[in-house]
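What follows is a short report on a single structure.
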Amino acid sequence: MNPRWNGQFSRFNLVAKTSESCRSTVRVRDIEIGGADFVVIAGPCAVESEDQLLRTAEAVAAAGARLLRGGAYKPRSSPYSFQGLGVDGLKILRKAREETGLAIVTEVMSEEDVSLIAEYADIMQVGTRSMDNYALLEALGRCGRPVLLKRGMTATLEELLCSAQILAAAGNPDVILCERGIRTFETATRNTLDIAAVPVLKTVSHLPVIVDPSHATGVRSLVPVLARAAVVVGADGLLVEVHPDPDQALSDGEQSLTFREFREMMDDLDPYLALRQEARQQRPQLVAVGGTD
Ligand code: PEP
Ligand code: MN
């Protein structure tokens, strides 16, 4: 362990890696996030209609996704953008779960919505704009569902782990960290994927870490190659936006994959996952997935 990191992160005692707690997993039904499997969460940015969501759910399940994402309550930068279908969106998500068996990930923005959304979601997503909404984190501590905690777009890793610690201290140890890109001076991509965040987090924390290449880039063609990078640096999974007709999407169409592109991305990842598996078996002490410390 880099001694500087030890000083920086070990005070978050509930989420920091220790000799007693070096790797935790989050279980959702028969899915284990942070374990041996690479877990892919996929679906549209927003739930727009029953037809849109059910078609997407079937397509991503067939391609190997284990969980379905879709926002019913959308945090939009503009008040004039589509804000989500609210409870009607949650009902559509529930129907998709019944029809496909996929577990559901959806965003919660306000502590007032926590108990309602927890009735429908298998995992509660905290978006980048809410990472430091402490009232929300406190309420999620008692919600009885795992939390997918996205890194704030201007947050340091220390601040991300501070929010994870708040969730754990409030009673919820089931936290998945998500690197989704940060704001930098670069404008060619929507955000800058901080790929080093993955091995740093895997070294200093026992929590699972996933990557969201969709929001990290804002550019559809970059999603598969950064998904590959996520595999190589040791992420536990991905969060990817997929839409039946991205050009008509009500939000984040430019970064959403078509069904075919998603299938191709999943196929493309296979050899990298096999290589990673082989490397872990042969030289576990050298593989930089929290193992080089
Ligand atoms: C989303 O997942 O659709 C989303 C709004 O993500 P973020 O909070 O990372 O912008
Ligand atoms: Mn989105």
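FYI, the numbering just counts along the sequence from 1.
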Measuring only between side-chain heavy atoms, which start at C-beta, is Val240 closer than 4.5 Å to Pro213? yes

Using modelled atom types only, decide if a donor and an acceptor are shared between the side chain of Lys150 and the backbone of Gln125 within a distance under 3.5 Å. no

Salt-bridge contact Arg66-Asp30 (side-chain N to carboxylate O under 4.0 Å): yes

In the single-linkage hydrophobic clustering (I, L, V, M, F, W, Y; side-chain heavy atoms under 4.5 Å), do Val209 and Leu269 co-cluster? yes

NZ/NE/NH1/NH2 to OD/OE distance under 4.0 Å, Arg69 and Glu241: yes

Does a salt bridge link Glu98 with Arg94, judged by any charged N lying under 4.0 Å from a carboxylate O? no

Does Lys95 reach the main-chain N or O of Leu54 with its side chain, forming a donor-acceptor pair under 3.5 Å? no

Indicate yes or no for a side-chain donor-acceptor contact from Thr56 to the backbone of Gly43 under 3.5 Å, with no hydrogens or angles considered. no

With no hydrogens and no angle check, is any side-chain donor or acceptor of Glu48 less than 3.5 Å from a backbone partner on Leu250? yes

Short question: side chain of Thr25, backbone of Glu32 - any donor-acceptor pair under 3.5 Å? no

For Asp252 and His243, does a side-chain donor sit closer than 3.5 Å to a side-chain acceptor? no

Any luck finding a side-chain donor-acceptor pair between Ser49 and Gln52 under 3.5 Å? no

Donor-acceptor pair, side chain of Arg55 and main chain of Ala59, under 3.5 angstrom: no

Any Phe12 side-chain heavy atom under 4.5 Å of Glu158 side chain: yes

